[in-house]
Amino acid sequence: METSNKRNNGWVVIIALAGIVCVLALAEMVTFFVLRRSYNTIRTAEILWILRSNMKGANITVFKKYIMAGVLVIVAFVILYTYLFSRARKGAKVARFALASTLVSIMLFLCGAGMLYKQLCIGEYIHYRSEYSEFIEDNWVDARETDITFNQKRNLIFIFLESMEITFTGYENGGYSYDNYLPELTEIAKNNVNFSDGEKINGGYAMPDANYTIAAMCSMTSGIGVKEDFFTWDTVNDTWNDKEYKSDYLPGVYALGEILQDNGYYQELLIGSEADFGGRKSYFVDHGNYEIFDYLTAKEKGLIPPDYLVWWGYEDAKLYEYAKDELTRMSQQDEPFNLTMLTVDTHFTDGYKCQLCGDKYDYKYCNVYACASKQCSEFLSWIQQQPFYENTTIIIAGDHPTEDSEIIDYLKVPDDYKRLTYFAIINPAEDYTGSKREFATYDIFPTTLAAIGADIEGDRLGLGTNLFSDKSTLVEEYGADYIAGEIKKRSAFYENGLAGQVTTKP
């Protein structure tokens, strides 16, 4: 009798372990379907980045419905599994249930792992993680060692538009949508410098190290993106602020902010979320000593109530109003200024529909994009009416293509369509009269300097090329696909020099 009880207890342990493995398998499958459905562009490196981050300032509510759905699936499974187990015990079929549940749990776990392996391109990640490339080193131009001369020192307003891409501008404008959800931004691009052929608007390729916000901002202001694997935990989570030394966030680059700082510019980063998230504060303070005006600043100034929180902090409608106040203040100072802004309403999932958004379209995200286009256009119109406009250049750039797969599926965008980021330059130091350019977001770094009146020796900085020049971009020289493949590989030059980490090349 005692032996029988021990045997039954052994089966119970096996059944419990099998149940745990099944829960893990279900978690894998739920994660797969969420990624497949809504975040189809997220890959292994970015997942590892997120896992290493403390997520301070992140809007976790964008995942709420998926988390709840996953919890309900798992709870339903646990209830069913417990019921079947109780039936098996009563019928003295514990051994058979234990063997069956073990087999099913292993099969489900392997199936879930295989699905995630494919979805996250883990095999590709391992492959590129084991290969080295000298592409960055061979094509890198150090801004510290380049003669940059300012003939003018025009003010700069740099507007990063969250997840803004050409795709939403309609077929006739180079996009991939029946309706043009960005009519105002389309006209801005067509009527200003866009480096297009005049028929369809143009945009930049976001390379693998520049396809999420902080990486995109680094790319456009330093000529290189962020390889997620090669930054310390302190850098990712911004804990350097509590120390006596500065950040190690790309210490090997000499960025736009540093160049402008050395030329007497006052600089500010204005965003509607917490600047700490993703190390944005770390990067912009260290590379240009930007003043930070973020969600926390707005609360400290009493502009919003202490408990105010919508979306990631405060909405873009407030961001543009605060920007008007800041620009008015900056324009009264003696030194030239650089106001760098980042919008947030068009962030995945589905965006934030504010009180200004209409209901013209059936799909919510499309209304959010349309609203973002209108708000940006109205802000630009305000700037153009100000006395400082004559000596001010405005850059409007989508940071990266959206990571929300649902809208891409809704529009039926094919895999071979080139999803380019939005880009336009208003009131530059010189006009562009050349032909259409093929470019990456790296090229916006030297192009921005040229747009505000700088002459750049050789017309190249970082991995970027001044688009006002006749020098070929790396995309024009090598092709976007080739560059993307090389960027995915490891680079000892990047790791040991630009990222400032100590690694050993095998």
Side-chain angles (χ1 to χ4, degrees), residues 53-62 156-164 210 212-222 226 236-238 241 247 249 255-257 260 266-304 308-327 329-330 337-348 351-352 354 368 371-372 375-376 379-380 383 394-400 402-403 421-422 441 444 448:
S53 174
N54 62 15
M55 300 298 285
K56 182 181 180 182
N59 177 21
I60 306 300
T61 60
V62 299
L156 173 64
I157 302 174
F158 200 128
I159 307 172
F160 286 98
L161 297 178
E162 174 63 48
S163 304
M164 193 62 69
Y212 58 99
T213 298
I214 179 57
M217 297 176 90
C218 288
S219 169
M220 286 183 253
T221 57
S222 71
V226 176
V236 174
N237 295 291
D238 218 23
N241 282 323
S247 166
Y249 216 126
L256 173 67
L260 298 186
Y266 172 84
Q267 304 187 96
E268 180 175 305
L269 175 66
L270 174 62
I271 58 180
S273 54
E274 289 191 40
D276 283 336
F277 179 65
R280 293 173 299 185
K281 180 178 179 180
S282 172
Y283 173 76
F284 281 98
V285 170
D286 197 35
H287 292 281
N289 197 30
Y290 288 68
E291 292 294 324
I292 303 298
F293 188 135
D294 65 353
Y295 166 64
L296 299 179
T297 308
K299 290 202 293 185
E300 291 169 2
K301 289 177 175 288
L303 298 172
I304 55 177
Y308 190 88
L309 177 64
V310 298
W311 203 226
W312 285 70
Y314 59 78
E315 64 271 36
D316 292 343
K318 286 183 170 57
L319 181 82
Y320 286 120
E321 290 304 312
Y322 300 157
K324 292 175 184 178
D325 292 338
E326 291 302 293
L327 285 170
R329 177 181 62 82
M330 291 179 196
F337 62 78
N338 164 23
L339 176 65
T340 296
M341 303 167 53
L342 170 65
T343 66
V344 72
D345 285 3
T346 46
H347 199 284
F348 75 90
Y352 175 72
C354 73
V368 174
C371 186
Q375 287 189 69
C376 185
F379 178 58
L380 176 60
I383 294 172
I394 302 100
I395 307 285
I396 304 177
D399 59 351
H400 55 76
T402 182
E403 295 176 292
T421 60
Y422 179 88
T441 52
I444 295 175
T448 298

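- A side-chain donor from one of Lys318 and Tyr308 sits under 3.5 Å from a side-chain acceptor of the other.
- Using a 4.5 Å cut-off on side-chain heavy atoms (C-beta onward), Thr343 and Gln375 make no contact.
- Nearest heavy-atom pair across Cys218 and Val226 is SG-CG2, 3.8 Å.
- Taking both residues in full, the closest heavy atoms of Phe158 and Ala397 are given as CE2-CB, 4.1 Å, listed atom of the first, atom of the second, then distance.
- Between the side chain of Ser219 and the main chain of Ala215, no donor-acceptor pair closer than 3.5 Å is present.
- At a threshold of 4.5 Å between non-hydrogen side-chain atoms, the residues Asp399 and Met164 do not count as touching.
- Taking a cutoff of 4.0 Å between a charged side-chain nitrogen and a carboxylate oxygen, Arg329 and Glu268 qualify as a salt bridge.
- Between the NE2 atom in His400 and the CG atom in Leu161 there is a gap of 11.5 Å [rounded to 0.5 Å].
- Side-chain atoms of Glu403 and Ser163, non-hydrogen and from C-beta on, never get closer than 4.5 Å to each other.
- Counting all heavy atoms, side chain and backbone alike, Trp311 lies closest to His347 at CZ2-O, 3.2 Å.
- Between Leu339 and Leu327 the shortest side-chain heavy-atom distance falls below 4.5 Å.
- When all heavy atoms of Arg280 and Ser273 are compared, the closest pair comes out as NH2-OG, 2.9 Å.
- Taking 4.5 Å as the limit, every side-chain heavy atom of Thr346 sits out of range of all side-chain heavy atoms of Thr402.
- When side chains are defined from C-beta on, Leu256 counts as touching Leu156, because their heavy atoms get closer than 4.5 Å.
- Considering CG of Leu380 and CD1 of Ile396, their distance stands at 5.5 Å, rounded to 0.5 Å.
- One N or O on the side chain of Asp294 and one on the backbone of Ala275 form a donor-acceptor pair closer than 3.5 Å.
- Every side-chain contact (heavy atoms from CB on, under 4.5 Å) that Thr421 has, sequence neighbours left out, goes to Ala206, Pro401, Thr441.
- Looking at Gln267, its side chain does come within 3.5 Å of a backbone N or O of Gly288 through a donor-acceptor pair.
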Q: Just do the side chain to side chain contact (heavy atoms under 4.5 Å, CB included) check on Ile292 and Glu274 with the steps written out, would you?
A: CA-CA 10 Å; Ile292 303 298; Glu274 289 191 40; over 6 Å; no

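- A search for salt bridge (charged side-chain N to carboxylate O under 4.0 Å, His left out) contacts involving Glu300 returns nothing, not counting sequence neighbours.
- Side chains of Thr340 and Asn338: a donor-acceptor N/O pair is present below 3.5 angstrom, by distance only.
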Q: Could you give me the CA-CA distance, side-chain angles and deciding distance for Asp345 and Cys371, then say whether side chain to side chain contact (heavy atoms under 4.5 Å, CB included) is met?
A: CA-CA 9 Å; Asp345 285 3; Cys371 186; over 6 Å; no

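- Ring pair Phe284/Tyr290 is perpendicular by interplanar angle, where above 60° counts as perpendicular and below 30° as parallel.
- Of all the heavy atoms in Tyr283 and Ala255, the pair that sits closest is OH-CB, 3.5 Å.
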Q: Just do the ring pair (Phe, Tyr, Trp, His ring centres under 6.0 Å) check on Tyr322 and Tyr320 with the steps written out, would you?
A: CA-CA 5 Å; Tyr322 300 157; Tyr320 286 120; over 10 Å; no

Q) Can you check ring pair (Phe, Tyr, Trp, His ring centres under 6.0 Å) on Trp312 and Tyr352, steps first, answer last? A) CA-CA 9 Å; Trp312 285 70; Tyr352 175 72; over 10 Å; no

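- Within the 3.5 Å criterion, the main-chain N or O of Val344 finds a donor-acceptor partner in the side chain of Asp316.
- Lys281 NZ to Leu296 CG: the interatomic distance, rounded to the nearest 0.5 Å, is 8.0 Å.
- Using a 4.5 Å heavy-atom threshold, the side chains of Phe379 and Leu319 count as separate.
- Thr221 places a side-chain heavy atom less than 4.5 Å from the side chain of Phe160.
- With 3.5 Å as the limit, one finds a donor-acceptor pair spanning the side chains of Thr213 and Glu162.
- Considering every non-hydrogen atom in both Ala298 and Tyr314, the closest pair reads CB-CE2, 3.7 Å.
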